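By convention in this document, chain letters (A, B, ...) are assigned in the order of the sequence lines, proteins followed by strands, and residues within each chain are numbered from 1. The shown structure was predicted, so the numbers you read here are calculated from the model rather than taken from an experiment.
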2 protein chains.
Amino acid sequence: MTERQQLPPGAEDLHRVTITDVARAAGVSVATVSKVINERYGVAARTSEHVQRVIEQLGYESSLVARSLRSHKTHVIGILVPEFEPFSTEVLKGTSRAITGTGYELLAYSGGGRAGEVVGWERRYLSRLSGTLIDGAIMMTPTVVRTAGSVPVVAIDPHAGPADSPTVDADSYAGAVLATEHLLQLGHRRIGFLGGRPDLDSARLREDGYRDALATAGIPVDPDLVRLGGYRRQVAAAPTRELLSLADRPTAIFAANDLSAIGVLDVARELGLTVPTDLSVVGFDNVPESALTEPPLTTVQQPLQEMGAQAVHLLLRLVHGEPGASTHVRLPTSLVRRGSTAPPAAAPGRAGG
Amino acid sequence: MTERQQLPPGAEDLHRVTITDVARAAGVSVATVSKVINERYGVAARTSEHVQRVIEQLGYESSLVARSLRSHKTHVIGILVPEFEPFSTEVLKGTSRAITGTGYELLAYSGGGRAGEVVGWERRYLSRLSGTLIDGAIMMTPTVVRTAGSVPVVAIDPHAGPADSPTVDADSYAGAVLATEHLLQLGHRRIGFLGGRPDLDSARLREDGYRDALATAGIPVDPDLVRLGGYRRQVAAAPTRELLSLADRPTAIFAANDLSAIGVLDVARELGLTVPTDLSVVGFDNVPESALTEPPLTTVQQPLQEMGAQAVHLLLRLVHGEPGASTHVRLPTSLVRRGSTAPPAAAPGRAGG
DNA sequence: CTGTTAGCGCTTTCAT
DNA sequence: ATGAAAGCGCTAACAG
């Protein structure tokens with residue numbers, strides 16, 4: 001039962017109620033209604049109360065769109081993501097927690113996820129929303145960040161290198177070293193690497209960590225063992241197959257993120273290899289899904305939710321024009337040992353760390 | 001009067017480039033630019049090309065806000081959620097997958113997650129966004145859905161009962177029966193139930209399932225064993241403590257969702273009880289997090305991602321005004337056995353199924 | 001204290 | 001084929 005009889009029954013179905021409707025019903029001008037809504041000075045208490053009541057009755061709520069078009073201040077911050085997948089949704093959880101009590105609201109925007117649109121979505125989304133609608137943006141894993149002519153932007157795990165704009169990321173290099181050392185300590189000597197894309201910063205850092213850890217252990221990198229997995233499950237399949245079809249195939253694979261590690265698991269199963277007995281696998285990210293695989297994935301944890309929270313804090317500071325503290329927050333990574341790693345089948349025993 | 005001419009380098013930093021800038025730079029009217037953008041008839045091929053080029057050069061992208069205010073058609077659908085937590089983000093993943101290739105984009109909106117605002121956010125969000133900005137909305141676990149004067153709405157797992165508007169949900173009742181039967185088959189006789197809120201539909205159905213399964217097994221329901229956990233981890237703590245402090249405490253607890261089940265795990269640990277030896281726990285939802293607990297949670301799976309995908313399909317059909325197929329999609333639930341359930345410590349042995 | 005008037009950036013008749 | 005002008009819902013001067 002709707003408790004409003006001002007409008008003829010059903011009339012509210014035709015158009016959503018606007019500020020004009022309220023003004024008319026209250027017998028005042030729209031300007032006055034606007035003032036009441038925004039608690040501006042210069043409205044008689046009586047009038048204000050009356051208008052409030054009408055607003056209540058009509059169930060009026062101001063249009064975010066119209067308001068923002070005019071006032072350029074919305075108290076909404078945007079999270080721009082290419083797609084809602086395990087990585088970005090994990091970060092989203094962190095932003096959601098961090099935003100509570102700040103008086104801001106969250107608007108997560110994602111395109112249709114057209115695969116071809118790998119590059120360029122950042123600029124597009126930002127242009128479409130900024131200046132209006134959002135007061136600031138958090139951009140997830142962007143490849144390019146052009147802040148020009150837009151609201152403040154914080155990048156999370158940007159692929160283009162942490163130079164452009166304020167950034168929150170995790171220590172990819174150290175994480176990769178951890179992962180590789182873990183494999184070395186188990187006794188692996190032929191360790192494959194399934195990278196992201198060479199033009200992406202996080203991917204490159206992970207490869208660096210892998211190479212350096214091997215070098216430290218005095219093991220030369222076999223170029224045959226380094227492939228590109230593109231950070232995606234399906235993309236990882238082909239290079240993994242190549243890797244595992246090698247005459248002298250690796251006894252372990254370090255994949256640059258969890259999704260491609262899961263892709264490795266897929267191929268191993270397809271090839272009749274048992275993980276971890278025949279092949280050890282390490283991922284990167286520690287998205288919740290990595291614990292659900294069979295066997296559960298050993299991986300490098302990034303504090304994804306914390307990264308989201310930090311990004312919110314950083315962005316809010318920028319939006320408020322506060323002296324922007326540090327402009328680059330780097331969070332630590334750590335190894336999560338689960339079931340996908342073990343000593344190689346015919347291991348020569350433990351290697352010295 | 002803002003005067004910016006050809007845009008000297010860096011000038012685009014002052015204001016984002018608008019359709020007016022493009023028009024000026026191209027030497028045509030804004031109307032013409034608009035026509036080019038929207039591929040309307042009545043523009044000379046030469047003009048069109050020229051304008052296109054200028055748009056490219058300036059990096060112009062039309063404002064979603066301004067456009068939607070005027071045209072009331074945006075090709076964006078909104079996902080309205082109270083908060084980004086494991087449940088809603090799971091659904092989000094499904095919507096993201098389903099939206100690809102449809103030509104629509106996704107806009108997930110969440111308030112500051114003010115705890116007090118448990119009720120009423122639905123109407124507020126919808127009013128703020130609908131009519132403009134979004135062509136349709138998917139509302140997550142709303143308690144009330146008033147579609148009046150707004151765009152088409154599909155509800156996911158609504159708490160108010162699946163009568164109001166098109167709905168996608170999972171079979172809570174059957175799931176609860178499965179969970180309870182599982183516990184009974186393990187030999188449990190004193191089974192506690194940690195419900196949601198009695199006014200919520202899914203919560204009620206889960207309680208019904210619990211009661212009916214017990215009744216079928218010929219076991220009377222002890223009112224002392226039925227408490228309210230509010231679907232939240234922290235809220236679940238107090239009632240759980242009461243349950244486990246009972247003289248004749250339950251040997252198993254069925255919690256109405258995973259978050260409150262995790263709350264049960266917290267309290268059990270705090271009380272020095274080992275799960276599943278001293279206490280069996282079953283949850284509901286099967287969010288990824290439920291596999292990460294110690295021990296991993298036995299739970300009832302809802303096809304969360306699939307629910308999101310179905311909601312998208314249903315909504316798009318409504319937006320297009322197609323004859324709306326079924327208006328209520330109910331997906332099946334199933335039991336996921338993991339480590340949090342076992343026969344009771346001093347079990348009288350297996351009970352007959 | 002209140003109403004009138006201008007737009008915000010865009011689309012859409014309707015003239016030209 | 002093109003542009004002038006109106007207006008979407010709202011806020012912000014500025015008059016009265």
Side-chain angles (χ1 to χ4, degrees), chain A residues 14-24 26-51 55 58 60-76 127-135 149-151, chain B residues 1-2 4 14-51 55 58 60-76 127-135 149-151:
Chain A
L14 299 179
H15 288 308
R16 60 184 294 283
V17 8
T18 76
I19 197 173
T20 312
D21 299 325
V22 174
R24 187 158 29 218
V28 298
S29 73
V30 295
T32 302
V33 177
S34 176
K35 281 171 195 153
V36 170
I37 293 167
N38 298 292
E39 297 171 305
R40 291 276 177 285
Y41 289 111
V43 182
R46 257 173 48 88
T47 314
S48 178
E49 264 176 47
H50 176 221
V51 171
I55 287 177
L58 262 44
Y60 168 73
E61 195 75 45
S62 78
S63 158
L64 179 60
V65 168
R67 175 198 292 256
S68 79
L69 182 56
R70 190 58 236 247
S71 72
H72 289 202
K73 223 59 189 149
T74 59
H75 283 251
V76 173
S127 296
R128 276 168 74 77
L129 303 185
S130 100
T132 45
L133 234 212
I134 58 178
D135 291 348
S150 78
V151 293
Chain B
M1 175 119 160
T2 44
R4 72 192 98 121
L14 300 178
H15 287 306
R16 60 185 294 282
V17 9
T18 74
I19 197 174
T20 311
D21 299 325
V22 174
R24 186 156 32 213
V28 298
S29 73
V30 296
T32 301
V33 177
S34 175
K35 281 171 196 153
V36 170
I37 293 168
N38 299 291
E39 297 171 305
R40 293 275 176 284
Y41 288 110
V43 181
R46 256 173 48 87
T47 313
S48 178
E49 263 175 49
H50 176 222
V51 171
I55 287 177
L58 263 42
Y60 168 74
E61 194 74 45
S62 78
S63 158
L64 179 60
V65 168
R67 176 198 290 254
S68 79
L69 182 57
R70 190 60 235 251
S71 72
H72 289 203
K73 222 57 189 152
T74 58
H75 283 255
V76 173
S127 296
R128 276 168 74 79
L129 303 185
S130 98
T132 44
L133 237 210
I134 58 177
D135 292 348
S150 79
V151 294

- Could you tell me which residues satisfy ring pair (Phe, Tyr, Trp, His ring centres under 6.0 Å) with His75(A), sequence neighbours excluded, listed by chain and number?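 Residues passing ring pair (Phe, Tyr, Trp, His ring centres under 6.0 Å) with His75(A): Tyr104(A).
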- Contact list for DNA chain C against residues 42-50 of chain B - heavy-atom distance below 4.0 Å: none
Partners of [X] by side chain to side chain donor-acceptor pair (under 3.5 Å), sequence neighbours excluded?
| X | result |
| --- | --- |
| Ser68(A) | none |
| Ser127(B) | none |
| Ser62(A) | Arg67(A) |
| Thr47(A) | none |

- All side-chain contact (heavy atoms from CB on, under 4.5 Å) counterparts of His72(A), not counting sequence neighbours: Thr132(A)
- Task: Could you list the residues that satisfy side-chain contact (heavy atoms from CB on, under 4.5 Å) with Ala31(A), not counting sequence neighbours?
- Result: Ser29(A)
Provide, to the nearest angstrom, the distance between the [atom1] atom belonging to [X] and the [atom2] atom belonging to [N].
| X | N | atom1 | atom2 | answer |
| --- | --- | --- | --- | --- |
| Tyr41(A) | dA13(D) | OH | P | 16 Å |
| Lys73(B) | dC8(D) | NZ | C1' | 15 Å |
| Leu69(B) | dG9(C) | CG | C1' | 9 Å |
| Leu133(A) | dC8(D) | CG | P | 20 Å |
| His72(A) | dG7(C) | NE2 | C1' | 11 Å |

- Assign a letter to each nucleotide of nucleotides 10-16 of chain C from its 5' end: B, base within under 4.0 Å of a protein heavy atom; S, sugar-phosphate only; -, no contact. BBB----
- Item | salt bridge (Lys or Arg N to Asp or Glu O under 4.0 Å) partners for Arg128(A), two or more places apart | Glu105(B)
- Residue set satisfying salt bridge (Lys or Arg N to Asp or Glu O under 4.0 Å) with Arg24(A), at least two apart, ordered chain then number -> Asp21(A)
- Query: At how many degrees, to 10°, do the end axes of the helix from dC1(C)-dG16(D) to dT16(C)-dA1(D) meet when each uses five pairs?
  - Reply: 50°
- Task: Look at the side chain of Arg40(B) and the backbone N and O of Asn38(B), then say whether any donor-acceptor pair between them is shorter than 3.5 Å.
- Result: yes
- Any donor and acceptor pair, going by atom type alone, linking the side chain of Ser48(B) with main-chain N or O of Val36(B) inside 3.5 Å? no
- Task: Indicate, with a heavy-atom threshold strictly under 4.0 Å, whether Val28(B) touches base, sugar-phosphate, or nothing.
- Result: sugar-phosphate
